[in-house]
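Here's the structure, in structure tokens; my notes come after.
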Amino acid sequence: MKVLTAAPTTKNPPEQFTGDVWLDPIAYPQDAGQTMVVAKVRFAPGARTAWHSHARGQTLHVTNGFALVGTRDGTVVKAGQGQTIYCPPDEEHWHGATPDSFMEHLAMLENTDDPATSTTWLEHVTDEEYARPATAA
């Protein structure tokens, strides 16, 4: 058995996020036989990711507050505590907190054989894209 230890809380880079976002790793690969990545991600009000995609998809489970998740077709979904959203492989999406509350979610994804290709980061979400009306998950 191998025990996985997590690094301390880190603030996410502004190249990939708008606003204040913190990451607490829960599980991350220690060797080639492990591929699952799990992290607790905390967003300040209005904070969000840049557009991005995951080669093998991503599951988001909201543990506190309300999340917004947007896709390139203009859809924005609002999910609350206890709700889970799945973003399929290679779907370009963004996620973040609503403008008026903190939000926390568990982010779960599987790395590819080359972890550098597991997530593709793109341009920042515009204020107009972030402000689109959301539907309930």
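Quick caveat, the model's predicted, so the values are computed rather than measured.
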Using only heavy-atom distances, determine whether the side chains of [X] and [Y] contain a donor-acceptor pair under 3.5 Å.
| X | Y | answer |
| --- | --- | --- |
| Thr63 | Glu104 | yes |
| Thr119 | His54 | yes |
| Thr35 | Glu110 | yes |
| His95 | Thr49 | no |

Besides Tyr86, the hydrophobic cluster formed by Ile, Leu, Val, Met, Phe, Trp and Tyr side chains linked at under 4.5 Å, directly or via other members, contains none
Between the CG atom in Asn64 and the CZ atom in Phe43, the distance rounded to the nearest 0.5 Å is 13.0 Å
Distance col, row Asn111:CG vs Thr117:OG1, nearest 0.5 angstrom, shows 8.0 Å
In terms of hydrophobic clustering (I, L, V, M, F, W, Y; side-chain heavy atoms under 4.5 Å; direct or indirect links), are [X] and [Y] co-clustered?
| X | Y | value |
| --- | --- | --- |
| Val41 | Leu60 | no |
| Leu23 | Trp121 | yes |
| Val69 | Phe66 | no |

Scanning both residues in full, the closest heavy-atom pair of Ala44 with Ala97 reads O-CB, 3.4 Å
In short, Ala50 meets Leu122 closest at the heavy-atom pair CB-O, 3.7 Å
Sorted by chain and number, sequence neighbours left out, ring pair (Phe, Tyr, Trp, His ring centres under 6.0 Å) with His124 holds for none
Do [X] and [Y] make a side-chain contact, defined as non-hydrogen atoms from C-beta onward lying under 4.5 Å apart?
| X | Y | result |
| --- | --- | --- |
| Lys40 | Ile26 | yes |
| Gln58 | Met108 | no |
| Leu68 | Val77 | no |
| Trp22 | Asn12 | no |
| Asp100 | Pro45 | no |

Between His52 and the options His93, Gln16, Glu92, the side chain to side chain donor-acceptor pair (under 3.5 Å) test singles out His93
Evaluate side-chain contact (heavy atoms from CB on, under 4.5 Å) for Ile85 paired with Thr59, printing each intermediate quantity in order. CA-CA 6 Å; Ile85 295 178; Thr59 301; over 6 Å; no
Self-check item: Cation-pi geometry met for Arg48 and Tyr130 (6.0 Å, 45°)
Solution: yes
Original post:
Is it true that Asp20 and Arg42 make a salt bridge, defined as a side-chain N closer than 4.0 Å to a carboxylate O?
Top reply: no
Arg56 bridged to Glu91 by N-O distance under 4.0 Å
no
- Can you tell me if Gln83 uses its side chain to pair, donor with acceptor, with the backbone of Gly80 under 3.5 Å? yes
Discussion item. Is the distance from the ring center of Phe17 to that of Trp94 below 6.0 Å?
Written reply: no
Could you walk me through whether Thr84 and Val62 pass side-chain contact (heavy atoms from CB on, under 4.5 Å), step by step? CA-CA 6 Å; Thr84 302; Val62 181; over 6 Å; no
